[in-house]
Q: 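Next up is a structure, given as structure tokens.
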Amino acid sequence: QVHFVESGGGLVQPGGSLTLSCTASGFTFSDYVMYWYRQAPGKEREFVAGVIGTGRYTNYADSVKGRFTISRDNAKNTVLLHMNNLRSEDTAVYSCSARGGSPVYQYWGQGTQVTVSS
């Protein structure tokens with residue numbers, strides 16, 4: 001059964017940093033593109049960052065470029081999101097996601113809360 005263990009969320013002050021972690025099981029991790037998405041109250045879920053199976057290519061939403069870094073460790077079935085210079089508008093539930101297979105399918109984690117406030 002596909003399962004995600006997400007951790008690292010919490011309360012930070014504006015300008016602070018957090019690192020989110022997602023450890024996956026139940027599928028061939030290295031064959032899947034891994035993503036982080038986020039959803040704030042009253043807002044649609046939005047793409048934050050993605051990384052392909054090898055880690056060679058990454059992509060980021062314009063709102064987080066230069067502040068967030070996504071990485072993966074296929075030996076540990078883990079994807080990370082390091083977040084720097086956090087802003088109040090970064091407050092959201094952050095969810096790990098995996099996309100792949102034939103036919104293609106996308107799995108979603110339960111999410112972890114990030115709150116940026118003084």
Side-chain angles (χ1 to χ4, degrees):
Q1 186 175 20
V2 172
H3 182 63
F4 299 96
V5 177
E6 296 163 303
S7 63
L11 174 65
V12 295
Q13 295 185 358
S17 299
L18 280 176
T19 298
L20 306 183
S21 176
C22 173
T23 299
S25 60
F27 62 98
T28 305
F29 183 83
S30 61
D31 290 342
Y32 279 66
V33 182
M34 296 300 298
Y35 301 93
W36 287 97
Y37 282 75
R38 68 186 182 187
Q39 187 168 28
K43 301 289 187 179
E44 294 184 353
R45 183 171 58 194
E46 66 173 343
F47 166 81
V48 176
V51 56
I52 67 165
T54 64
R56 184 177 182 89
Y57 300 106
T58 59
N59 193 27
Y60 299 91
D62 287 344
S63 59
V64 307
K65 284 181 180 177
R67 299 189 298 121
F68 291 11
T69 302
I70 189 171
S71 63
R72 66 189 296 158
D73 185 344
N74 289 342
K76 298 180 179 179
N77 283 13
T78 296
V79 60
L80 302 176
L81 184 69
H82 189 265
M83 305 182 292
N84 295 314
N85 193 24
L86 285 159
R87 307 164 180 167
S88 61
E89 55 262 41
D90 295 318
T91 296
V93 174
Y94 285 71
S95 297
C96 178
S97 182
R99 182 177 175 87
S102 183
V104 69
Y105 194 84
Q106 189 158 357
Y107 300 98
W108 298 90
Q110 76 284 359
T112 183
Q113 177 71 45
V114 172
T115 302
V116 185
S117 177
S118 59

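Along the sequence shown, the residues carry numbers beginning at 1. Note that the structure is predicted; figures quoted are calculated from it, not measured.
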Q: Is Ser88 close to Pro14 at the side-chain level, that is, under 4.5 Å between some pair of heavy atoms?
A: no

Q: Is the backbone N or O of Thr78 less than 3.5 Å from a side-chain atom of Thr23, with the two atoms forming a donor-acceptor pair by type?
A: no

Q: Is it possible for you to say whether Tyr35 and Val2 belong to one hydrophobic cluster, with membership spreading through side-chain heavy-atom contacts below 4.5 Å?
A: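 They do not share one cluster, since no chain of ILVMFWY contacts under 4.5 Å joins Tyr35 to Val2.
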
Q: Do Lys65 and Asp62 meet the salt-bridge criterion of a basic N to acidic O distance under 4.0 Å?
A: yes

Q: Shared ILVMFWY cluster between Tyr37 and Tyr105, side chains joined below 4.5 angstrom?
A: no

Q: Where do Tyr107 and Tyr32 land on the side-chain contact (heavy atoms from CB on, under 4.5 Å) test, with the steps shown first?
A: CA-CA 10 Å; Tyr107 300 98; Tyr32 279 66; 3.9 Å; yes

Q: When rounded to the nearest 0.5 angstrom, what distance separates CD1 in Ile52 from CG in Asn59?
A: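 Reported value, rounded in 0.5 Å steps: 11.5 Å.
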
Q: What are the two closest non-hydrogen atoms of Arg67 and Leu86, and how far apart are they?
A: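 That closest heavy-atom pairing would be NH1-CA, 4.0 Å.
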
Q: Tell me which pairs pass side-chain hydrogen bond (donor to acceptor under 3.5 Å, both in side chains) where either residue lies in residues 93-103, with sequence neighbours left out.
A: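 Qualifying pairs: Arg38-Tyr94, Ser97-Gln106, Arg99-Gln106.
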
Q: Can you tell which of Leu18, Val51, Val48, Val114 makes a side-chain contact (heavy atoms from CB on, under 4.5 Å) with Leu81?
A: Val48

Q: What closest approach, in Å, do Ala40 and Ala92 show between heavy atoms, and which atom pair accounts for it?
A: N-CB, 3.8 Å

Q: As an exercise, state the distance from CG of Asp90 to OG1 of Thr115, rounded to the nearest 0.5 Å.
A: 11.0 Å

Q: Are Phe4 and Trp36 connected in the hydrophobic side-chain network, where two residues link if heavy atoms are under 4.5 Å apart?
A: yes

Q: Roughly how far, to the nearest 0.5 Å, is the OG atom of Ser63 from the CZ atom of Phe47?
A: 9.5 Å

Q: According to a 4.5 Å side-chain heavy-atom criterion applied to Ile, Leu, Val, Met, Phe, Trp and Tyr, with indirect links allowed, do Val93 and Leu11 form part of one hydrophobic cluster?
A: no

Q: If every non-hydrogen atom of Asp73 is compared with every non-hydrogen atom of Phe29, which pair is closest and at what distance?
A: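 Heavy atoms only, the tightest pair is O-CE2, 4.2 Å.
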
Q: Could you tell me which non-hydrogen atom of Tyr60 sits nearest to which non-hydrogen atom of Phe68, and how far apart they are?
A: CE2-O, 3.3 Å

Q: For Cys96 and Met34, which heavy atoms make the closest approach, and how far apart are they?
A: SG-CE, 3.5 Å

Q: With rounding to the nearest 0.5 Å, note down the distance linking CE in Met83 to OG1 in Thr69.
A: 11.0 Å

Q: Measuring only between side-chain heavy atoms, which start at C-beta, is Ser7 closer than 4.5 Å to Thr112?
A: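 Not touching, per the 4.5 Å side-chain cut-off.
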
Q: Please list all pairs meeting disulfide bond (SG atoms under 2.5 Å apart) that have one or both residues in residues 26-89, counting only residues at least two apart or in different chains.
A: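 As it turns out, there is no disulfide bond (SG atoms under 2.5 Å apart) pair with a partner in residues 26-89 once direct neighbours are skipped.
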
Q: Looking at Glu6 and Gln110, would you say the former's side chain and the latter's main chain have a donor-acceptor pair under 3.5 Å?
A: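 Here the side-chain-to-backbone pair exists.
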
Q: Are Trp108 and Arg45 packed together at the side-chain level, in the sense that at least one heavy-atom pair is separated by less than 4.5 angstrom?
A: yes

Q: Go through the side-chain N and O atoms of Asn74 and Arg72 and say whether any donor and acceptor fall under 3.5 Å apart.
A: yes

